[in-house]
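These notes are about the structure you will find just below.
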Amino acid sequence: MYALIDCNNFYCSCERVFNPSLEKRPVVVLSNNDGCVISRSEEAKQLGVRMGTPAFTSETCFQQNNVAVYSSNYTLYGDISDRVMKTLVDFVPRLEVYSIDEAFLDLHDLRYQDLLALAIRIRETVKQHTGIPVTVGIASTKTLAKMANRFAKKKKKETGCVWAANQELLNEMLEATDVADIWGIGPQYAKLLMKNGFKNALQLLRAPEEWIRVNLSVVGQRLLTELKGIPAIEWEFEPPDKKAICTARGFGQLIKTRQEVGEALASYAAICALKLREQKSCASKIEVFVETNAFRRDDKQYRRSIRLTLPVSTNSTAELIKYSMQALDIVYKEGYNYHKTGITVMDFIPEDKVQYGLYDAAGTDKAKLIHQTIDKLNKSLGKDLLRFAKQGYGTKWKLKQTKLSPCYTTRIDEILKVKI
DNA sequence: TCTGGGGTCCTAGGACCC
DNA sequence: TCTGGGGTCCTAGGACCC
């Protein structure tokens with residue numbers, strides 16, 4: 001059996017933990033640059049605030065209904081997530097952290113008679129330890145556990161837990177789940193399935209395998225197996241190393257100059273380099289892109305990307321900045337309002353397997369030491385205090401975050417203060 | 001004024017190799 | 001008369017996830 005634990009309206013719930021006055025009040029959290037709504041409390045959902053709506057189109061609604069609006073604070077959410085996962089570890093020998101707010105628990109070796117009772121205990125414990133409300137779905141495959149979780153959110157609000165313990169309950173659940181709401185079915189596949197007469201998961205379960213194979217490829221085939229109660233998706237207890245790392249962000253405001261786009265890009269390259277060092281990999285290729293804002297109809301539009309193969313694989317910040325600037329020289333064109341830039345590093349090899357040229361190896365030990373020192377200092381200082389010149393000191397391209405809550409749990413100067 | 005960011009997997013087709 | 005077969009690597013594009 002698999003359990004899926006999912007934090008309810010996670011980002012909103014995180015904000016509430018440190019601000020009890022938000023209880024019962026509609027809360028929303030916005031994406032980067034305070035762009036779109038990406039998390040909504042129940043009250044906000046009741047008001048009809050849709051997932052992904054641009055914040056500026058809902059401003060009146062927010063004001064009229066006293067909605068608490070927050071910029072996203074990933075430092076805070078990441079730390080709360082860690083605490084939730086640590087609480088879950090106590091219940092099972094193994095768990096898979098699936099995303100910032102979800103985890104699969106391996107219940108196969110557990111000798112519990114009543115998994116529903118276990119689910120309820122998990123839920124209560126997480127709430128008590130972290131303040132975060134969660135929903136628990138238990139079933140015989142990951143896909144069905146996902147479905148049970150969703151079913152619990154919609155139909156079993158009192159307990160917030162569902163264990164698909166028998167065929168009857170399983171069928172009720174399958175029938176109540178629209179194809180579009182199945183894990184692994186996105187908008188395109190949903191449309192295709194609807195067109196061919198499959199409305200809910202129970203109907204899909206009975207679809208001819210060959211038809212699924214042809215139309216939804218092997219992914220669909222695997223999904224069908226899972227729906228039938230046979231696990232087809234492997235456990236991933238250890239997060240695998242990344243195959244590509246991308247850092248890309250829209251600017252706080254539009255930018256015209258190569259200088260400023262360059263500062264942003266250099267800063268993103270520095271983030272990629274740090275992440276590479278953390279997983280002890282070096283990248284062999286980079287891809288850099290720039291683009292204008294497609295929503296601005298009156299602006300001239302432009303997007304271009306370029307991929308470079310590096311002469312020697314690297315995870316050095318200085319090197320990656322150097323090559324990203326070369327790439328930028330190719331893609332950047334004068335005369336546009338730029339809105340976004342980004343860099344992806346890819347084709348990794350382990351740090352200790354880099355093939356140097358005859359003359360490249362000189363100085364690598366020194367460079368490594370420099371990076372170790374910079375990383376250590378930046379980590380202990382809690383911000384990127386030590387930077388490369390190319391990152392500049394411009395603020396124009398920086399993210400817009402006008403409603404950011406404090407990093408209550410990760411920065412000593414922002415810790416919650418209680419007056420008595 | 002204002003519209004997110006970071007990933008994975010699968011397939012098809014072309015280039016190239018022996 | 002008759003014009004291979006099997007493989008890898010790369011890229012682009014499309015689907016999905018949170």
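Per chain, numbering begins at 1; letters A, B, ... match sequence-line order.
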Problem - Residues A/Thr344 and A/Glu287: side-chain donor-acceptor under 3.5 angstrom - result: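 No, no side-chain donor-acceptor pair sits under 3.5 Å.
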Measure [atom1]/[X] against [atom2]/[N] and give the value in whole Å, please.
| X | N | atom1 | atom2 | result |
| --- | --- | --- | --- | --- |
| A/Asp299 | B/dT1 | CG | C1' | 12 Å |
| A/Leu193 | C/dC16 | CG | C1' | 13 Å |
| A/Ile233 | C/dC16 | CD1 | C1' | 11 Å |

Touch class at under 4.0 angstrom, heavy-atom based, for [X] against every strand present:
| X | answer |
| --- | --- |
| A/Ile185 | sugar-phosphate |
| A/Ile271 | nothing |
| A/Glu102 | sugar-phosphate |
| A/Lys191 | nothing |

Exercise for the section: Describe, in one word, how the ring planes of A/Trp183 and A/Tyr98 are oriented to each other, choosing from parallel (under 30°), tilted (30 to 60°) and perpendicular (over 60°). Expected result: perpendicular
Practice task
Look at the aromatic rings of A/Tyr74 and A/Tyr77 and report parallel, tilted or perpendicular, splitting at 30° and 60°.
Solution key: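 Geometry flag for A/Tyr77 against A/Tyr74: perpendicular rings.
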Fill in the blank from the handout: Reading nucleotides 3-15 of chain B from 5' to 3' and marking B where a protein heavy atom lies under 4.0 Å of the base, S where only the sugar-phosphate is that close, and - otherwise, the string is BSSSSSSSS----
Handout entry: side chain to side chain donor-acceptor pair (under 3.5 Å) pairs, two or more places apart, involving residues 17-35 of chain A
Key = A/Asn19-A/Ser21, A/Asn19-A/Tyr70, A/Arg25-A/Asn66, A/Asp34-A/Ser71, A/Asp34-A/Thr402
Practice task
Verify the ring-centre separation between A/Phe104 and A/Tyr2: is it less than 6.0 angstrom?
Solution key: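 No, too far apart.
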Exercise for the section: Could you tell me which non-hydrogen atom of A/Leu115 sits nearest to which non-hydrogen atom of A/Ile138, and how far apart they are? Expected result: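 In terms of heavy atoms, the two residues are closest at O-CD1, 3.7 Å.
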Handout entry: Nucleotide opposite B/dG7 in a Watson-Crick or G-U pair, distances under 3.5 Å
Key = C/dC16
Exercise for the section: With P as the reference atom in both, quote the distance from B/dT3 to C/dC18 in angstrom, rounded to an integer. Expected result: 25 Å
